[in-house]
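First the structure, in the form of C-alpha cells, and then the observations on it.
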Amino acid sequence: MPELPEVETVRLGIEHLFAGHRIDAVRVFDERSLKRHPGDSQDFTQTLIGAHLGQPQRRGKFLWIPLELAGASSVESVAPPALLAHLGMSGQLLAHDLSADAPPLRHERIRIDTVDESGRHRELSFHDQRLFGSLAVDTLVADRFALRDLVPQQAAHIAPDPLEAGFDRARLARSIRRHRSAVKRVLLDQTTVSGIGNIYADESLWAARVHPEQPADSLSQARALRLVDAVVAVLRRAVAVGGTSFDEQYKHVNGESGYFAIELSAYGQSGQPCPRCGRPIKRVAFMNRHSHLCTYCQRMR
DNA sequence: AACCTATCCTGCCCGC
DNA sequence: TGCGGGCAGGATAGGT
C-alpha cells in the first residue's frame with residue numbers, strides 16, 4: 001500500500017483542495033469499496049450528502065476527514081463522525097474536475113461531488129484496482145495514547161506513528177525490544193508503530209545497518225534507538241519529496257508522482273550496488289513477500 | 001498473550 | 001497470441 005509518506009502527501013492535497021467544502025452528491029460504483037462501512041451504500045451516501053469536510057487527519061496509514069453533518073447540533077454531538085479512508089495496496093484519492101454524472105473511470109469506485117462557498121464543484125474520487133482499500137463513515141473516539149483528541153474507532157487500536165507530535169522515540173525503542181520475533185516483522189506491526197510498510201521497513205533497516213531477521217529483543221536499547229531514528233529520518237525525507245511511486249498506481253491527489261523512488265537504497269534494488277559498500281543488494285523471501293538488504297552492511301549479531 | 005499463516009482482490013508481467 | 005503462474009507497497013481473522 002501506500003505507506004505513511006504517500007498517505008501524508010494525499011492528506012496535504014485534500015486539505016488544500018477540499019477543506020471546508022460541502023458534499024453535494026455521492027456515487028458508489030462498487031459496493032466492495034465500502035466493506036468497512038457499517039451500513040449499506042445508501043446509508044453511506046445519505047450520511048455524507050450535505051456534510052461539510054473538516055481538516056483531514058492521519059495516523060499511520062489511516063486518513064480521515066471530520067464531518068460536520070447537515071442539521072446536526074454541534075453542541076451535543078457526542079460521537080462526531082468522520083469520512084475514513086484506508087488505501088490498502090492500490091487505493092488512490094484523486095481530485096477531479098469532471099461533471100458529477102460523468103461515467104466512472106477505469107478503477108474508480110466512489111465519487112464524492114463537493115462544492116465550495118463560491119459554488120465551484122470538484123470531485124473527490126476513490127480509485128482502487130485491488131479493492132484492499134475502503135472508505136467508510138466512522139465515529140471518532142478519544143485517543144487512548146493521548147497524543148491527539150480524537151481518532152476513528154476503526155483506527156483506535158493502532159499505535160501512534162513516528163511523525164506524530166508527541167512521538168516518544170525511547171518508548172518505541174523499548175516497545176520494539178519487547179518482541180521476540182524478527183525486527184522487520186515488528187516494524188510492520190501497526191499496533192507497535194504505525195505507518196511503516198515493506199518499502200520503508202527495508203529502507204530504515206538498511207540505513208540503521210540492522211538485519212531484518214534479527215530478533216527484536218536481541219537489539220540493545222542504543223541500537224533500537226538508532227533504528228527508530230533511521231525510521232524517522234527515512235519517513236521525513238520521503239514526505240519531503242512527496243512519497244514513493246513506481247507506476248501509475250501511486251499518485252498524488254493532483255495526479256503527480258512521488259520522487260522518493262529515485263533515492264531508494266535497498267527496496268527494489270536487488271543486484272544494484274549497495275550505496276554504502278558497493279556490494280550487491282540481495283532480495284530474500286520474508287513473510288509472503290521479500291526483504292531487500294545488503295548482507296555485508298546488515299549483519300545478524 | 002504473542003506469534004504466525006492464510007486470505008481478501010485485480011491486473012500486469014513473465015516465460016512457455 | 002494465448003495462457004498460467006507469480007507477484008505487488010496491507011490488514012486481519014483465526015489458528016497454535
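We name chains A, B, ... by the order of the sequence lines, and we start the count at 1 in each one.
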Using a cut-off of less than 4.0 Å, is there contact between a side-chain N or O of [X] and OP1 or OP2 of [N]?
X: A:His157; N: C:dA11; answer: no
X: A:His290; N: C:dA8; answer: yes
X: A:His179; N: B:dC3; answer: yes
X: A:Arg180; N: B:dC4; answer: no
X: A:His86; N: C:dG10; answer: no
X: A:Ser90; N: B:dT10; answer: no
X: A:Arg178; N: B:dA1; answer: no
X: A:Arg106; N: B:dC12; answer: yes
X: A:Lys61; N: C:dA11; answer: yes
X: A:Gln129; N: B:dG11; answer: no

Nearest to the side chain of A:His107 - B:dG11, B:dC3, C:dA11?
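Of the options given, the side chain of A:His107 lies nearest B:dG11.
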Just to be sure I understand the rule, does [X] reach a base, reach only the sugar-phosphate, or reach nothing, if contact means heavy atoms closer than 4.0 Å?
X: A:Arg289; answer: base
X: A:Arg32; answer: sugar-phosphate
X: A:Arg36; answer: sugar-phosphate

If I take atom [atom1] in residue [X] and atom [atom2] in nucleotide [N], what distance separates them, rounded to the nearest angstrom?
X: A:Met89; N: C:dT12; atom1: CE; atom2: P; answer: 14 Å
X: A:Gln190; N: C:dT12; atom1: CD; atom2: C1'; answer: 12 Å
X: A:Arg283; N: C:dC7; atom1: CZ; atom2: P; answer: 7 Å
X: A:Ile176; N: B:dC3; atom1: CD1; atom2: P; answer: 13 Å
X: A:Leu187; N: C:dG10; atom1: CG; atom2: P; answer: 12 Å
X: A:Gln154; N: C:dA11; atom1: CD; atom2: C1'; answer: 12 Å
X: A:Asn198; N: C:dA11; atom1: CG; atom2: C1'; answer: 14 Å
X: A:Arg185; N: C:dG10; atom1: CZ; atom2: P; answer: 14 Å

How far, in whole Å, is C:dA11 from B:dA1 if one measures between their P atoms?
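The same atom, P, in both gives a distance of 23 Å.
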Could you tell me how far B:dC9 sits from C:dG14 if I compare only their P atoms? Round to whole Å.
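Looking at atom P only, C:dG14 and B:dC9 are 15 Å apart.
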Would you say the base of C:dA8 and the side-chain of A:Arg130 have a donor-acceptor pair closer than 3.5 Å?
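Indeed there is one.
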Mind checking who B:dG11 pairs with, Watson-Crick or G-U wobble, both distances under 3.5 Å?
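Here B:dG11 is engaged in a pair, and the nucleotide opposite it is C:dC7.
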Indicate whether any N or O donor in one side chain lies under 3.5 Å from an N or O acceptor in the other, for A:His290 and A:Arg283.
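Their side chains do contain a donor-acceptor pair, which is all the 3.5 Å distance test asks for.
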Heavy-atom side-chain contact between A:Arg185 and A:Glu213 under 4.5 Å:
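They are not in side-chain contact.
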A:Gln55: side-chain hydrogen bond (donor to acceptor under 3.5 Å, both in side chains) partners, not counting sequence neighbours
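Scan of A:Gln55 (side-chain hydrogen bond (donor to acceptor under 3.5 Å, both in side chains), adjacent residues dropped) gives none.
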Please determine whether a side-chain nitrogen of the Lys or Arg among [X] and [Y] lies less than 4.0 Å from a carboxylate oxygen of the Asp or Glu.
X: A:Arg111; Y: A:Glu123; value: no
X: A:Arg169; Y: A:Asp229; value: yes
X: A:Asp97; Y: A:Arg120; value: yes

